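Everything on this sheet refers to the single structure shown next.
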Amino acid sequence: MRGSLLVDNIGELVTNDGRGGDPLGVRRDAAVLVEDGQVAWVGPARYAPAADRRIDADGAAVLPGFVDSHAHLVFAGDRAAEFAARMAGEPYTGGGIRTTVGATRAASDDELRATVGRLRAEMRRQGTTTVEIKSGYGLTVAEEARSLRIAAEFTEDTTFLGAHVVPAEYADHPDDYVGLVCGPMLAAAAPYARWIDVFCERGAFDVDHARAILACGQAAGLGVRLHANQLGPGPGVQLGVELGAASVDHCTHLSDADVDALAGSTTVEWLSGPPTSTVATLLPGAEFSTRSPYPDARRLLDAGVTVALATDCNPGSSYTSSMPFCVALAVREMRMTPAEAVWAATAGGAAALRRTDVGRLTPGSRADLVVLDAPTHLHLAYRPGVPLIRQVLHNGVPR
Ligand SMILES: [Zn+2]
């Protein structure tokens, strides 16, 4: 859409501009001018420049669009029965991933594309304007490349997760599967992927396999991220920091050494350039949906670790696409303040994707913003389960 657009009469504007000791950079009675899909100006409403069009926020809160830095959207089928069994007492082991692999391999391109499109639209209605999408339910050379090719139609943050689980046909010789992932599968996936990821967990890939796969991905030019320390303690978090991962995700079971390693990685003020620290991405939808203890966000924040929140949207362990739900869980169950949770769901997600163009509303950033049906960001946690997203602008275009 051409021309300028003024979002005016904003009661509370969350900018995440990092100035003045307030992490959210809140401004009152503000306006935002959008031109060519970018934020062109932010300031007091009374000084707002003229524009071709106007959106009246009517005193409501406006936030950067949510940045969901961890989602598995390329799949077929669902696992509602597995969820019901789990709620009746069965533990979560990650084994159900293979069920989804079978359904995904049997689906057509158009079926997969329709599912990603449906979930992407569902996310946007709930305020998400940036999403990372992983492969990981194909687990053959052709299937992983296909999943990433479809994911790339929806986002620039695509992640090769061939090392999600060892597929059934390699159960007796996992070393051969690691060789396949590092060789022909990576070669076929890399043209469509920005990131590489490994599920480093007992029952999935051990630390030696994870290190080998991530090193191959780095050599192919992909950035590193990692599923680690979800189901129990382990070496995954420290491996991620050692390899300079953008993010280690889950972080539910951490030792003091894990927390120290993450805190020690926080060396660069990310607002002044591309961030280089390893972010701890917490996925409380997974603990909710597997009835597991939540990660200790307070411990990470108090140690100075950069924390992000994401949905982990997938058909097995966390079938939510709602960042507001994750914010509410983080506040109620993980002792984050509402401000910390909103920062983690916006600027934190951007840091986890090493992006400086999203997750904030400052001149030059992408004009991705959310107008709430509420006077303040506090309502996202205070009114859980309520549809508070009144309007979304994505690339400056009202949706
Ligand atoms: Zn995941």
Side-chain angles (χ1 to χ4, degrees), residues 67-75 78-79 82-83 86 92-101 104 115-116 119-120 123 128 130-139 144 147-148 151 155 157-166 193-205 210 213-214 217 223-232 234 236-237 239-240 245-253 278-290 292 294-295 307-323 325-326 329-330 344-345 348-349 352-353:
V67 179
D68 188 348
S69 60
H70 184 138
H72 307 249
L73 305 188
V74 191
F75 64 85
D78 76 23
R79 282 151 57 193
E82 178 190 314
F83 175 77
R86 201 158 58 231
Y92 177 69
T93 61
I97 292 169
R98 286 180 182 146
T99 307
T100 300
V101 169
T104 304
T115 296
V116 180
L119 291 169
R120 182 69 195 82
M123 288 174 154
T128 297
T130 301
V131 61
E132 179 258 23
I133 303 178
K134 302 175 194 296
S135 69
Y137 295 117
L139 309 186
E144 285 295 300
S147 291
L148 286 161
T155 185
D157 279 296
T158 51
T159 300
F160 170 43
L161 182 58
H164 197 185
V165 70
V166 176
R194 181 176 178 218
W195 303 97
I196 188 164
D197 191 347
V198 173
F199 188 20
C200 182
E201 198 79 44
R202 192 173 303 157
F205 294 86
I213 292 164
L214 294 171
V224 169
R225 41 205 326 109
L226 200 52
H227 285 66
N229 300 55
Q230 175 188 4
L231 305 177
V237 164
L239 174 67
S247 179
V248 286
D249 296 27
H250 284 292
C251 293
T252 309
H253 297 270
T278 298
V279 173
T281 299
L282 309 182
L283 309 167
E287 280 76 29
F288 178 89
S289 299
T290 60
S292 303
Y294 289 92
V307 171
L309 287 170
T311 61
D312 195 15
C313 183
N314 77 83
S317 57
S318 181
Y319 202 6
T320 181
S321 55
S322 171
M323 291 293 280
F325 174 63
C326 294
L329 285 181
L353 295 173

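The analysis underlying the following values was restricted to heavy atoms, covering all of them including side chains, and did not include hydrogens, waters or symmetry mates. In this chain, numbering begins with 1 at the start of the sequence shown. One-based numbering, in listed order, for ligands and for the atoms of each. The model shown is predicted, which means the values in this text are computed figures rather than measured ones.
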The single option from D68, T320, T128 passing side-chain hydrogen bond (donor to acceptor under 3.5 Å, both in side chains) against T311: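 Of the listed residues D68, T320, T128, the side-chain hydrogen bond (donor to acceptor under 3.5 Å, both in side chains) partner of T311 is D68.
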From CA spacing to verdict: side chain to side chain donor-acceptor pair (under 3.5 Å), H227, H70: CA-CA 10 Å; H227 285 66; H70 184 138; 3.0 Å; yes
Ring geometry between H72 and H164 (parallel below 30°, tilted from 30 to 60°, perpendicular above 60°):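 Ring orientation of H164 relative to H72: parallel.
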Geometric class of the F288/F325 ring pair [parallel <30°, tilted 30-60°, perpendicular >60°]: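 F325 vs F288 ring planes: perpendicular.
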Among the N, O or S atoms of H227, the one nearest the Zn ion (ligand 1):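 Atom name returned: NE2.
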Of all N/O/S atoms in D312, the name of the one nearest the Zn ion (ligand 1):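 The closest N, O or S atom of D312 to the Zn ion (ligand 1) is OD1.
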2.8 Å cut-off met by an N, O or S atom of H72 to the Zn ion (ligand 1):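 For H72, the answer is yes, given that an N, O or S atom comes within less than 2.8 Å of the Zn ion (ligand 1).
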